[in-house]
There are 2 protein chains.
Amino acid sequence: MTSTLGYALLNLIACEPQTGYDLSRTLQERISFFWQAKHSQIYPELAKLESAGFITHEVVRQTDKPDKKIYTITDAGLAALRVWAVAPLEIAPSRDELLVKTAAFWQADPAAAAALLRDHERQHAEQLALYEGIRAALEDEWERAGRRHDLPWFGNYLTLMRGIGYEREYRDWCRWAAAMMEAGD
Amino acid sequence: MTSTLGYALLNLIACEPQTGYDLSRTLQERISFFWQAKHSQIYPELAKLESAGFITHEVVRQTDKPDKKIYTITDAGLAALRVWAVAPLEIAPSRDELLVKTAAFWQADPAAAAALLRDHERQHAEQLALYEGIRAALEDEWERAGRRHDLPWFGNYLTLMRGIGYEREYRDWCRWAAAMMEAGD
DNA sequence: GAGAGCATGTAAAATGTTACATGATTTT
DNA sequence: AAAATCATGTAACATTTTACATGCTCTC
């Protein structure tokens, strides 16, 4: 019943009780690895998780800002998360618009195609630099926490390392493909 | 107006005139890099492309099999494809359910999590082997065609190389992450 | 006789994005 | 005075997946 987004939210709430607004910021930042969502999808999903008994909320009244709902994971939610996390999964082919464009480069102007690839090389290099910065901070934090595998940092670290590998590989491919286009005439 | 799927279809038809059925098989195979679709999405999309004037079809009557519609790209379609292919594009964060699960591994049973990662390591290794096989064939074909950049092979080759890099990096990460989980206690 | 392949479509449901809607406080 | 931040929601639209629907031929 619960979607991937639902479990993503459940894990974030398990890490720390928080509001829908907090969750929506996390899932829109560029450091949100491998899943994203807008607030318009998050609020209804939180309602579903709550009616499934996976989370509860308490209203915190504020005077200067709007009141807010802080969500907390329940025992049932934690149990469901643990089961889902290790359930078998087929590898899913990913979608990437740049690669669809690339497949059409045999029809395109080589100089313009090379420029597009150079632009993406730069974008992925920037993303990589961002991740490398977080890596240092995260490793530090993990060190101080005694390298424990049962703390949120561990999950974040594993996915961050995948993000680093992904961006590095993508940047290198852009560089190679751009050179191919530039050499082509 | 035209979606990414529309342009993906347009490029495939530009490579070779074909039917909706042919397209649906291509976009469901595991060698279809970086975009997929079911036939239920393809047939309506072809109708849109045709009403936009980007493709036309001729009906081929068959006696032993059902009649079929062979779609061909028009000059307007080719022009639209060439413009779209090099139009600027922001990098889009990718979605990957395994990584969402991984983020929750701090809550999961380490042995079960390691097993899941080992399974994906195997799946990505298989995909990589498949791509490496195609690579040899494609390079051969391209060699014989005089290494021209204006043939469909070129686009296929560029995307294939990205597929190879992607799968290799993913396999290596799975191996590393599995070792992390197995070492953890 | 059952199932797979060829071939084309529609309907319904789930998921994701963009836009609409409100309203106070703080910063530029 | 305009824009950004906090905070929560709904509505409309686009995209994607799953299921429904038909029918003929060939293979096991």
Has A/Tyr43 got a side-chain N or O lying under 4.0 Å from the OP1 or OP2 atom of D/dT8?
-> yes
Figure out the CD/P separation between A/Gln41 and D/dT15, and round it to whole Å.
-> 15 Å
Looking at A/Arg147 and A/Glu139, does any basic side-chain N land under 4.0 Å from a carboxylate oxygen?
-> no
From the list C/dC6, D/dT10, D/dT16, which nucleotide is the closest neighbour of the side chain of B/Tyr21?
-> C/dC6
Ignoring backbone atoms, test whether B/Gln62 places a side-chain nitrogen or oxygen under 4.0 Å from the OP1 or OP2 oxygen of C/dA7.
-> yes
Once the angle between the rings of A/His124 and A/His120 is folded into 0 to 90°, is it parallel (under 30°), tilted (30 to 60°) or perpendicular (over 60°)?
-> tilted
Got a salt bridge between B/Glu126 and B/Arg171, using NZ or NE/NH1/NH2 to carboxylate O under 4.0 Å?
-> no
Nearest-angstrom distance from the residue atom CD of B/Glu45 to C1' of C/dT8 = 16 Å
B/Arg25 side-chain N/O to C/dA7 phosphate OP1/OP2 under 4.0 Å | no
Ignoring backbone atoms, test whether A/Arg95 places a side-chain nitrogen or oxygen under 4.0 Å from the OP1 or OP2 oxygen of C/dT15.
-> no
Please report, rounded to the nearest Å, how far the P atom of D/dA7 is from the CG atom of A/Leu27.
-> 17 Å
Quickly work out the A/Gln18 CD to D/dA7 C1' distance and round it to whole Å.
-> 14 Å
Does the base of C/dT18 carry an N or O that pairs as donor and acceptor with the side chain of A/Ser40 under 3.5 Å?
-> yes
Would you mind telling me which residue lines up with the more 5' stretch of DNA chain C, A/Met1 or B/Lys69, judged by nearest nucleotide?
-> B/Lys69
With heavy atoms under 4.0 Å as the rule, sort B/Lys38 into base, sugar-phosphate or nothing.
-> base
D/dT22 P sits how many Å from B/Lys68 NZ, rounded?
-> 25 Å
Interatomic distance where CD belongs to A/Gln28 and P belongs to D/dA4 [whole Å] | 15 Å
Below 4.0 angstrom, N of the basic side chain to O of the carboxylate: do B/Arg25 and B/Glu29 qualify?
-> no
Taking only Lys NZ, Arg NE, NH1 and NH2, and the carboxylate oxygens of Asp or Glu, determine whether B/Arg144 and B/Glu141 approach each other closer than 4.0 Å.
-> no
Starting from P on D/dC6, measure out to CD1 on A/Ile70 and report it in whole angstrom.
-> 14 Å
Rounded to whole Å, the CH2-C1' distance (B/Trp35 to D/dT16) equals 10 Å
